[in-house]
Amino acid sequence: MKIGNQPQGQERLNNLLQTQQKQAEKLASAKRINSAADDAAGLQIANRLTSTVNEAVQGQRNLYDGIGLAQVYEQSLQNINNDLTEVNTLAVAAGNGIYTDADRQALQQQAQGYLDNAQNTLQTASFGGVSLFNDKDIAFNSGQSNLNLKVEDVGAALTSQNVFSIDLTTQAGAAAANTTLTQATEYVSGLQADAGASINSFAAQARNLNNQQINQAQARSRIEDADFADASAKKASADVLANASIAVRAQARISQEQTLQLLA
């Protein structure tokens, strides 16, 4: 004797158990989509957004490296400018008519110390192993485009201006040095302004990428992240129904056995 529709009841129980499992996966992973079977189109869009978000994150890192390099470059230029300004002050002093040859020789030695400092900066300034005073463009990929920082061979430029061969031992030499150093400091200051503009450009692009990253991450979250309230409610409902179904099936089996015993 067959009591109840057992195959149909088993199918319903299996469906309830699958629902329990799916909701448990969502709660455990915090994601609505855990495989293509959950939402094939949604998974494709979420993966594309993930790629775009990761690209924006790395682009920001590259740009902040560019900002760091530009800041070191600009500060090195400032150090050179400081040294040249000190030498220019000494050149003006060397034009004082009351100074003796010995006095001017002392000024020359002092000036040479500042010039040596400037040359040391030109030779040693670097960022992450990249020398800062070569005539080249340094590119930083933002993920959407390359932003370039132009660095100059400042040492060659100052050498061509005879900055490192000034002579303060005579009044005529001091006057010529004053003209040379004024031009040199203007040149270095111009490079600082260019570096500052590059820093601002890199920072603006990094902010733009950050805004894009936030918006795209939010869009991805709306597609693939789980609604905890909804998933929790569905799992609780499936738990209750599955437990009730198991209890009913167990009771049905007991009733069936009792009926067969009576018939026997």
Side-chain angles (χ1 to χ4, degrees), residues 29-33 41-85 117-161 163 183-226:
S29 66
K31 294 192 178 297
R32 183 182 69 86
I33 304 174
L43 180 64
Q44 185 176 7
I45 296 171
N47 286 340
R48 186 163 60 246
L49 286 171
T50 296
S51 177
T52 305
V53 167
N54 291 343
E55 180 182 287
V57 170
Q58 186 59 55
Q60 289 175 72
R61 292 173 182 162
N62 292 351
L63 292 176
Y64 283 123
D65 283 342
I67 291 172
L69 188 149
Q71 288 174 334
V72 174
Y73 177 63
E74 191 276 328
Q75 187 57 57
S76 298
L77 289 170
Q78 182 61 54
N79 292 339
I80 293 169
N81 219 339
N82 292 340
D83 289 328
L84 296 181
T85 298
N117 287 340
Q119 287 182 309
N120 182 64
T121 299
L122 290 168
Q123 293 168 4
T124 62
S126 65
F127 184 89
V130 177
S131 178
L132 296 184
F133 291 106
N134 293 320
D135 186 16
K136 62 182 179 182
D137 288 326
I138 303 177
F140 297 89
N141 189 347
S142 70
Q144 300 175 343
S145 62
N146 282 335
L147 276 74
N148 295 324
L149 174 66
K150 174 68 173 177
V151 295
E152 300 282 348
D153 188 346
V154 177
L158 295 181
T159 298
S160 68
Q161 295 176 28
V163 170
Q183 294 174 347
T185 54
E186 289 177 354
Y187 163 70
V188 174
S189 294
L191 295 181
Q192 285 184 265
D194 292 340
S198 294
I199 291 171
N200 291 336
S201 177
F202 281 31
Q205 184 63 26
R207 288 193 298 270
N208 182 52
L209 284 176
N210 184 60
N211 290 334
Q212 292 182 31
Q213 173 199 340
I214 291 172
N215 292 331
Q216 290 163 351
Q218 288 175 342
R220 179 186 61 184
S221 176
R222 287 190 291 269
I223 293 171
E224 71 173 1
D225 287 355

Does some side-chain heavy atom of [Y] sit less than 4.5 Å from a side-chain heavy atom of [X]?
{"X": "D194", "Y": "K150", "answer": "no"}
{"X": "N47", "Y": "Q44", "answer": "no"}
{"X": "D65", "Y": "L69", "answer": "no"}
{"X": "T52", "Y": "Q212", "answer": "no"}
{"X": "V130", "Y": "V151", "answer": "no"}
{"X": "E152", "Y": "Y187", "answer": "yes"}

Rounded distance (nearest 0.5 Å) linking atom [atom1] of [X] with atom [atom2] of [Y]:
{"X": "Q75", "Y": "I80", "atom1": "CD", "atom2": "CD1", "result": "10.5 Å"}
{"X": "N117", "Y": "D83", "atom1": "CG", "atom2": "CG", "result": "5.0 Å"}
{"X": "L63", "Y": "F140", "atom1": "CG", "atom2": "CZ", "result": "8.5 Å"}
{"X": "Q213", "Y": "N208", "atom1": "CD", "atom2": "CG", "result": "12.0 Å"}
{"X": "L77", "Y": "L191", "atom1": "CG", "atom2": "CG", "result": "5.5 Å"}
{"X": "I138", "Y": "N146", "atom1": "CD1", "atom2": "CG", "result": "13.0 Å"}

Examine distances only and state if a side-chain atom of [X] and a backbone atom of [Y] form a donor-acceptor pair shorter than 3.5 Å.
{"X": "S142", "Y": "S145", "result": "yes"}
{"X": "N62", "Y": "N141", "result": "yes"}
{"X": "N215", "Y": "N211", "result": "yes"}
{"X": "S51", "Y": "R48", "result": "no"}

query = How would you list all residue pairs meeting ring-ring contact (aromatic ring centres under 6.0 Å, His included) that involve residues 43-73, not counting sequence neighbours?
reply = Y73-F133

For the student: nearest non-hydrogen atoms of [X] and [Y], plus distance:
{"X": "L209", "Y": "G59", "answer": "CD1-C, 3.8 Å"}
{"X": "A184", "Y": "L158", "answer": "CB-CD2, 3.9 Å"}
{"X": "A125", "Y": "S76", "answer": "CB-OG, 3.6 Å"}
{"X": "S201", "Y": "L147", "answer": "OG-CD2, 4.0 Å"}
{"X": "E74", "Y": "A195", "answer": "CB-CB, 3.9 Å"}
{"X": "I223", "Y": "G42", "answer": "CG2-O, 3.5 Å"}

request  = With sequence neighbours left out, write down each residue that passes side chain to side chain contact (heavy atoms under 4.5 Å, CB included) with Q71, or none if nothing qualifies.
outcome  = I67, I199

query = So, Q58 and N54: side-chain donor and acceptor under 3.5 Å apart, yes or no?
reply = no

By salt bridge (Lys or Arg N to Asp or Glu O under 4.0 Å) - contacts of K136 (at least two apart) = none

